[in-house]
Amino acid sequence: MTDESGRLDSAKLYQYVDPEQFSFETTDELDDLTDVIGQPRAVEAMRFGMGIEEKGFNIYAMGPPGIGKESLMRRFFEERAKDEPAPSDWCYVKNFEDDNKPKTIELPAGMGVEFRDDMDELVQQFDTALSAAFESEEYQSRRQSVMEEFRENQQQGFEDLQRRAQEEDVRLIRTPAGLAVAPVRDGEVLSPDEIQQLSEEEQERLQQKVEEMQEELQEILRQVPGWQRKMRERLNELNREMANLAVGGLIDELREEYSDYPEVVEHLDAVQEDVVENAENFLPQQGGQQGGGLQQQLQQMMQGGDAQGRQAMVQEALMRRYKVNVIVDNSDTEHAPVIYEDNPTYQNLIGRIEHMARMGALMTDFHLIKAGALHRANGGYLLLDARKVLTEPYAYEALKRALDSEKLRIESLGRQLSIISTVSLEPEPIPLNVKIGLYGNRLIYYLLTQFDPEFADLFKVQADFHEEMDWDEENQQLYARLIGTMVREAELQPFERGAVARVIEHSARMVGDSEKLSTKGEMLGDLLREANHWAKENGNGTVTAQDVQRAIDAQVYRADRLRERMQEAILRDTVLIDTDGEEVGQINGLSIIPLGDFMFGRPTRITARTRMGKGEVVDIEREVELGGPIHSKGVLILGGFLGARYAEEKPLSLSASLVFEQSYGQIEGDSASSAELYSLLSSLAEVPIKQSMAVTGSVNQRGQVQAIGGVNQKIEGFFDICEARGLTGDQGVIIPASNVKNLMLRHDVIDAVEEGRFHIYPVETVDEGIEILTGVPAGERGADGNYPEGTINFKVEQRLGELAEKQSEFGKGAEKEEG
Amino acid sequence: MSDQGLDDRDTNEVDLAIHGREGTEGEHGIARILVALDPSEHSRAALEAGARMALRLDAELIGLFIEDVNVRRLAELPFAQEVGLFTGGCRRVETHELSRQLRVQAGSVRRRFRTVTQRVETRCTFRQVRGRVAPEVLRAATEADVVILGKGAWSPFETERLTPAVREVLSQAPASTLVLRAGTGVEPPMRAVYDGTSQGDRALSIAARLAEDGHLMVFILADDPDKASRLQQAAVEHLKERELELTFQTLTESSVSRLAHLVAVEALGTLVMPADDESMEDEAVLDFLDETGAPVLLVR
């Protein structure tokens, strides 16, 4: 792996894909990949989650964005849904017993609209049949007969009274406000004088007769309300009889057709009963004759326009009661539905009850109930983005409530929150049978699991998607087929095998591992499309490796403005970074700047100063709160290392300060802890460190150098500076040996290494590293417990011993002074 | 005179010319129409029929509202009590209260007259008198060519029969009379009875002028076919200037019952028939008018 001087062979810097190993020329020759690669755990979880029908086994697919959680889940759902039957249609109809609680009717797929259309037709037939019934000669004749009977009763009573009055020389007189009885002669009412002229006996008789007649008149008038009530009852009976005859036959036909559906039959019974009970509402208004109470209410509500128009609207409103609202129509659904709701608001999930404004008031009825995504997915599958659900007010709670109760209950949010107190609908709940596929990042999953006990009860299946997969021969072939499949699905030009090879290499680069490939389908798809674009620009009929490289370079170029600025600052010596010479207590550390999907490395000068103290290693970044906890931990570990190696049996009389020079932002991570240690050792041993080197690696208390992230970017970051200034042949980067497998460096870096103009040094211990950095052996403790003279460890231990003695002397001096 | 018409101090009449020009008398012989009014719906139908006829015949219209003197006299009686139509309760009749109610009633009838006659271009006069109904109508009828009455007008209670006052006017009126009940009007289909007399000719002329739909059914009163044929020809000749579609039916017996049957079976329309003083004394005619639901114009 390394040569005598510890330099890494160029073969280890990159894992090439030889296009010759592919048996195809272009991706056109490859079969489509139908299986899912690289996600065995997630696939297994999804299969389990879809197969189990118990409550609560909904699926949460977790992983970073762009990895294909949603598309994979949708694909799985659709495959399974194909073999499952289409679910029922759901309808809402009027509840004649309680206006505010519309009833549901479940029907086989496609029958909902049939039922609705049948009811529409029935209602139209009602109109015709009822009009014909109420306009028929039979009805008119019988109605007139009833009314005439009342009139006759009334008239007979009055006529009898009038006749007897005439016999007694009195007469009924009509006054503006009623009736009176008065004595008459020759058709004229007697005046008081004329009455006075009569005998007393006659006067008394007349008065008595008048009073008798008045009483009889009152008696007749008292009977009038009773007659009127009987007349109305008779008329209502007649209306009901006619209505029943008119609509009964029509409804019977429908009853027969839907005899297998008891809910429908029950509803038809209720419709018939309602039509018959409210028959007078279907009477056309005639002159002074009014329709029923319902019709009058509707007339009052529908103001404006001409009378005919209003009447038509009233009729429409009356008939609306009997129509059907199909809220879930599965006529065109061939199998179980797979629904994706991309805007999962409360109402879009649960459904809503709409209102219309009429005469300044908000009105609603069962026709204004609208389905939500859960309705549409009922009997099938629903895909939801977890972050979107959680960020929509009340959506998550509503989803849980529905899943837990296994019922879909549409409730107005305004009423729930007591914002609106007007009467609204409470539609009958619909049984819910749906499998939810929720997808999101891992953080959301673990937060929900930790803090929401209901979540764990309702989403028992976690499908964990991995960002990378093993790069072996088999997977490489499958990956090629995956590329071919994506190319065809996106209708891109075919990729040559060289282009496929380049894509695979870049996939490994994206995960920063020469033994892994990325499973981020979105990133892969973007690269393919961009390469295709460049191929078209070139007029190539196929996509070549050069097109892929161009796409990669273009992606980097679009993102690396900041890197360019930072490098410029270094090259212009605004930021001080040495790439040659040597300095005591100063070293080039390496850090990563992440910018979304792009990250780059840059060198940072780290300096250490040491003096007598009480054993603390001061991390200046931590002191000014620019250092994160992991960074601070790394620095504190240095103190442990120093103490364990050099001050086991004596005090560590050292005060050291470490700083990232010209760094004015937050620093996190411990990947620079080995660099910090080297600078400390250099400072203590007063041995300079080569500035032609840069270092990355985390260190533990035992001095072992541990793996870090972004090793490729860090190496390239230092390389770019050195190359810009002119490579000297001495420059290089020290990395943890455990990061060698992560190397997928740029080709210019590989070329420079091959030509001996730049070097990579993998190390396992700080001793290895300090030797490379200083050119001085680190030294191993001998049997006598001492380090060989002249070694770094010897010098460090010697220095620490000196500091300890001096501190002891100072301590004694201070005691004397106090004493 | 108060703005609302008669008050307690006035003698008898107030005459308000509402609007309009003089009318013209055509061959139908109707230049002035009198409508006797009370607050009932029967009188409303009579008023609307009168306005329609005034428009079609270019005649003047007089609306005569009679304040029954008996009502005022009633109030003077010490034991007079009024029974409410709706409440059935009994209360003393107070003179001032009654006067106020009568004025309100008159005002209401006058406003109705004004509204209904808006479209009539010829002179329309509202006349208000106090007296006994039949005599006042008969007195005013001497100035008119047609008197129109609501069938159940001036009845103390709701009825569709001829009231005594209406019967009296019908039997003694010096002019032609039209009687009709609430809810009907002088509307097509027009039917005329023709017997070859001058009244019959006038009946045809009037019916022809009123046939807005261009159709006229003529009942020929004849005992034999020859006479029927002659009368039919005469009717055709009389109406030749009119662009009417004529239908003829012969009644071999001029029986009122057969006529009533025909009118009842077919759709309600308006019947125009000749009458003389002799026939009007026949109770059968009055009974026919009592029974039929259709408007009947008796042409004298």
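Naming convention: chains lettered A, B, ... in sequence-line order (proteins, then strands); numbering from 1 in each chain.
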A/E188 CD: over 12 foreign heavy atoms closer than 6.0 Å |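 Count over threshold, so yes.
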Does CD belonging to A/E137 count more than 12 external heavy atoms closer than 6.0 Å?
->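 Atom CD in A/E137 is not crowded, with 12 or fewer foreign heavy atoms closer than 6.0 Å.
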Portion of B/D68 that has a non-hydrogen atom of chain A nearer than 4.5 angstrom |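 For B/D68, the side chain is the part near chain A, not the backbone.
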Heavy-atom distance under 4.5 Å to chain B: side chain of A/V184, backbone, both or neither?
->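 No part of it gets close to chain B.
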Contact part of A/E215 toward chain B, heavy-atom cut-off under 4.5 Å: side chain, backbone, both or neither?
->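 For A/E215, there is no contact with chain B at all, as no heavy atom is under 4.5 Å.
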Using a cut-off of under 4.5 Å for heavy-atom pairs, which of B/E76, B/E41, B/R91, B/Q101 has the most such pairs with chain A?
->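 Top option by heavy-atom pairs under 4.5 Å: B/Q101.
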Among the options B/P39, B/P156, B/A75, pick out the one with the most heavy-atom pairs lying under 4.5 Å from chain A.
->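 The candidate making the most pairs under 4.5 Å is B/P156.
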Interface residues of residues 189-197 of chain A facing chain B - heavy atom cut-off under 4.5 Å =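 The residues closer than 4.5 Å to chain B, in numerical order, are A/V189, A/L190, A/S191, A/P192, A/I195.
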Considering heavy atoms only, which positions within residues 202-213 of chain A lie below 4.5 Å of chain B?
->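 From residues 202-213 of chain A, the residues near chain B are A/Q207, A/V210.
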Taking every non-hydrogen atom, the tightest pair across B/L77 and A/A182 =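 Taking B/L77 first and A/A182 second, the nearest heavy atoms are CD1-CB, 4.0 Å.
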Of all the heavy-atom pairs spanning B/V83 and A/Q218, show the shortest one and how long it is.
->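 Of all heavy-atom pairs spanning B/V83 and A/Q218, the closest is CG1-CG, 3.6 Å.
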Mind checking the CD-CG spacing from B/Q81 to A/L179? Nearest 0.5 Å is all I need.
->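 Here the rounded value is 13.5 Å.
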Carefully, step by step, assess B/C90 and A/Q214 under the rule side-chain contact (heavy atoms from CB on, under 4.5 Å).
-> CA-CA 8 Å; B/C90 224; A/Q214 276 173 358; 4.3 Å; yes
Side chains of A/P176 and B/V104: does their closest heavy-atom pair fall under 4.5 Å?
->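 Sidechains of B/V104 and A/P176: no contact.
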Identify the residue among B/N70, B/L74, B/L85 that makes a side-chain contact (heavy atoms from CB on, under 4.5 Å) with A/T175.
->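 By the side-chain contact (heavy atoms from CB on, under 4.5 Å) criterion, A/T175 pairs with just one of B/N70, B/L74, B/L85: B/L74.
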